[in-house]
K.L.:
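Okay, handing you the structure first.
The chains referred to below are lettered A, B, ... by the order of the sequence lines, with proteins before strands, and numbering in each begins at 1.
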Amino acid sequence: MPELPEVETSRRGIAPYVIDKKVVAVTVRQRQLRWPIPTTIKRNLPGMTIDGLARRAKYLLFRTSRGTMMLHLGMSGSLRILAAGTPAGKHDHVDIEFDSGKMLRFNDPRRFGSLLWTTDVDHHRLLATLGPEPLNDEFDGDYLWQRARGRKVSIKQFIMNANIVVGVGNIYASEALFRAGISPKISAQRVSKRRMQVMAAVIKEVLAEAIEAGGTTLKDFLNSDGEPGYFKQDLRVYGREHAACFDCGEPITRCVQGQRATYYCKHCQK
DNA sequence: CTAAGGACCTGTCGGC
DNA sequence: TGCCGACAGGTCCTTA
């Protein structure tokens with residue numbers, strides 16, 4: 001479910017309900033997520049006010065004067081704002097209740113998500129080595145080209161590497177490569193500087209468009225039960241194996257790279 | 001250092 | 001209907 005656009009959409013959706021709100025209770029029903037939820041959360045969070053809600057890569061950062069709660073949605077996590085006391089269903093692992101009478105509920109069937117606590121977010125090991133945010137100015141074609149020196153890995157796996165650039169998930173990696181006309185299989189070091197400039201531009205474009213489309217998701221976000229696939233109508237190659245390419249009409253190809261599915265047009269992408 | 005593969009976990013879908 | 005394998009929007013860790 002969560003690519004960067006959806007994480008950003010989630011952040012915007014929940015922000016009004018958590019910022020400047022005081023936590024009155026934390027309920028943990030299942031602490032075995034990607035990592036066990038530390039006891040420091042239940043110990044530190046109640047009584048604290050959420051001073052800010054930021055996003056770094058796909059982590060949501062809930063800032064308090066005592067420390068920061070880091071939340072990652074993993075592969076199947078979702079957040080909802082509900083009235084406090086709403087009965088919990090399957091995979092509703094954590095509730096954070098506020099003095100407003102609302103609560104933030106974290107649901108995650110596959111439990112690849114995580115909920116962590118840190119007093120030093122600037123040096124946290126999971127954040128320290130991350131590459132730039134794709135929508136920031138520091139991320140551009142020159143940067144990509146420079147980082148690709150000596151990299152034999154495929155361009156698709158290269159742009160999905162969070163140490164190079166964060167937030168490019170499996171769907172938008174395929175989508176961006178299609179828009180750039182670049183084959184997902186070519187080695188990163190063999191992509192010219194000019195083409196890397198196109199690469200960076202389309203990554204920004206596709207993520208920005210998806211965040212924009214997230215407005216629709218945002219609306220449903222609070223009252224739906226997390227149906228996936230809001231961006232489906234905009235996808236040009238992802239999930240379209242054998243279907244006709246929108247540009248040339250040739251069938252879309254599916255292959256596997258790094259154990260993840262890749263979709264591309266052999267005719268349009270070289 | 002890079003690259004490749006396994007690991008974590010549940011749910012759904014198609015085929016037999 | 002039941003069973004089984006393949007697959008799913010992430011990413012860290014181990015090994016070579």
Side-chain angles (χ1 to χ4, degrees), chain A residues 1-10 29-37 55-60 70-79 89-94 106-116 124-131 134 146-177 184-190 203 206-207 209-211 213-214 217 220-221 224-242 254-263:
Chain A
M1 194 179 312
E3 291 252 353
L4 182 140
E6 179 129 355
V7 177
E8 178 59 23
T9 298
S10 294
R29 299 185 191 81
Q30 166 63 273
R31 58 187 302 261
Q32 299 307 318
L33 303 185
R34 179 71 157 84
W35 290 282
I37 296 174
R55 178 186 59 72
R56 173 70 177 114
K58 293 174 189 166
Y59 288 93
L60 292 178
M70 300 167 49
L71 186 153
H72 196 294
L73 295 172
M75 202 83 135
S76 58
S78 64
L79 296 172
K90 212 172 184 184
H91 309 306
D92 285 338
H93 305 316
V94 182
F106 182 18
N107 177 287
D108 185 7
R110 292 181 71 179
R111 290 192 268 131
F112 289 167
S114 56
L115 194 60
L116 300 166
H124 194 279
R125 66 179 187 91
L126 295 176
L127 306 181
T129 63
L130 293 175
Q146 202 52 245
R147 292 296 306 267
R149 295 313 85 212
R151 297 293 191 123
K152 296 189 188 343
V153 75
S154 73
I155 181 67
K156 192 221 181 193
Q157 290 174 276
F158 180 72
I159 60 171
M160 285 184 70
N161 181 345
N163 292 322
I164 302 300
V165 57
V166 302
V168 183
N170 200 41
I171 290 178
Y172 292 109
S174 283
E175 293 299 310
L177 285 160
K185 291 186 169 180
I186 65 173
S187 171
Q189 66 184 350
R190 288 187 43 231
I203 286 173
V206 81
L207 292 177
E209 279 179 24
I211 290 171
T217 308
D220 296 348
F221 172 70
S224 84
D225 48 6
E227 288 297 314
Y230 291 106
F231 306 124
K232 241 177 191 149
Q233 62 274 18
D234 299 319
L235 300 180
R236 301 184 192 173
V237 287
Y238 188 84
R240 299 193 65 246
E241 186 183 18
H242 304 318
R254 178 187 186 276
C255 68
V256 174
Q257 295 178 281
Q259 306 169 110
R260 312 297 301 275
T262 301
Y263 298 88

K.L.:
Roughly how far apart, to the nearest Å, are dA6(C) and dG6(B) at atom P?
P.N.:
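Comparing P positions in dA6(C) and dG6(B) gives a spacing of 14 Å.
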K.L.:
Measure the distance from CG on N170(A) to P on dG10(C) and round it to the nearest whole Å.
P.N.:
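Rounded to the whole Å, the gap is 6 Å.
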K.L.:
Is R190(A) atom CZ crowded by more than 12 heavy atoms from other residues, nucleotides or ligands, each under 6.0 Å away?
P.N.:
no
K.L.:
Nearest nucleotide by nearest heavy atom, which residue falls closer to the 5' end of DNA chain B, R151(A) or K90(A)?
P.N.:
R151(A)
K.L.:
Looking at K58(A), I'd like to know whether one of its side-chain N or O atoms comes within less than 4.0 Å of OP1 or OP2 on dT11(C).
P.N.:
yes
K.L.:
Contact class for F158(A) vs. all strands (heavy atom < 4.0 Å): base, sugar-phosphate, or nothing?
P.N.:
nothing
K.L.:
So which nucleotide from dT11(C), dC13(C), dA8(C) ends up closest to the side chain of M75(A)?
P.N.:
dA8(C)
K.L.:
Between dT14(C) and dC9(B), how far is it from one P atom to the other, in whole Å?
P.N.:
16 Å
K.L.:
Do R147(A) and V165(A) have side chains that approach each other closer than 4.5 Å (heavy atoms only, starting at C-beta)?
P.N.:
no
K.L.:
Under 4.0 Å between any heavy atoms, over every strand shown, what does L126(A) touch: base, sugar-phosphate, or nothing? Just pick one.
P.N.:
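Here L126(A) touches the backbone only, sparing every base.
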K.L.:
Grab the CD-P distance between Q257(A) and dA8(C) for me, whole Å please.
P.N.:
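My rounded result for the distance is 13 Å.
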K.L.:
Please determine, for dC9(B), whether a Watson-Crick or G-U wobble partner exists with both distances under 3.5 Å, and give it or none.
P.N.:
none
K.L.:
Nearest whole Å is fine: how far is dA8(C) P from M160(A) CE?
P.N.:
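Distance check: M160(A) CE to dA8(C) P gives 11 Å.
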K.L.:
CD of E241(A) versus C1' of dA8(C): gap in Å, rounded?
P.N.:
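Roughly 15 Å, once rounded to whole Å.
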K.L.:
NA contact type, A261(A), heavy-atom cut-off 4.0 Å: base, sugar-phosphate, or nothing?
P.N.:
sugar-phosphate
K.L.:
Please check if the side chain of D108(A) supplies one atom and the backbone of H91(A) the other of a donor-acceptor pair under 3.5 Å.
P.N.:
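Not confirmed, D108(A) side chain does not pair with H91(A) backbone.
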K.L.:
From D92(A) CG over to N107(A) CG, what is the distance, rounded to the nearest 0.5 angstrom?
P.N.:
4.5 Å
K.L.:
What is the distance, rounded to the nearest whole Å, between atom NE2 of H124(A) and atom P of dC12(C)?
P.N.:
11 Å
K.L.:
Taking the side chain as C-beta and beyond, is there a heavy-atom pair between R56(A) and V166(A) under 4.5 Å?
P.N.:
yes
K.L.:
Rounded to whole angstroms, how far apart are CD on E3(A) and P on dA8(C)?
P.N.:
13 Å
K.L.:
Rounding to a whole Å, what distance do you find between L127(A):CG and dG10(C):P?
P.N.:
17 Å
K.L.:
What string of B, S and - do you get for nucleotides 4-9 of chain B 5' to 3' if you count protein non-hydrogen atoms under 4.0 Å?
P.N.:
SBB-BB
K.L.:
Among the candidates dC13(C), dT11(C), dT10(B), find the nucleotide nearest to the side-chain atoms of H91(A).
P.N.:
dT10(B)
K.L.:
Determine: side-chain N/O of H72(A) to OP1/OP2 of dT11(C), distance under 4.0 Å, yes or no.
P.N.:
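For dT11(C), OP1 or OP2 has a side-chain N or O of H72(A) closer than 4.0 Å.
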K.L.:
Do the side chains of K185(A) and K156(A) get nearer than 4.5 Å, heavy atoms only?
P.N.:
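Not touching, per the 4.5 Å side-chain cut-off.
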K.L.:
Any side-chain heavy atom of P184(A) sitting closer than 4.5 Å to one from Q257(A)?
P.N.:
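Yes. Closest side-chain heavy atoms under 4.5 Å.
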K.L.:
Tell me the interatomic distance from N163(A), atom CG, to dT11(C), atom P, rounded to whole angstroms.
P.N.:
11 Å
K.L.:
Report yes if at least one side-chain N or O of R147(A) is closer than 4.0 Å to OP1 or OP2 of dC1(B); otherwise report no.
P.N.:
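No, no such contact exists.
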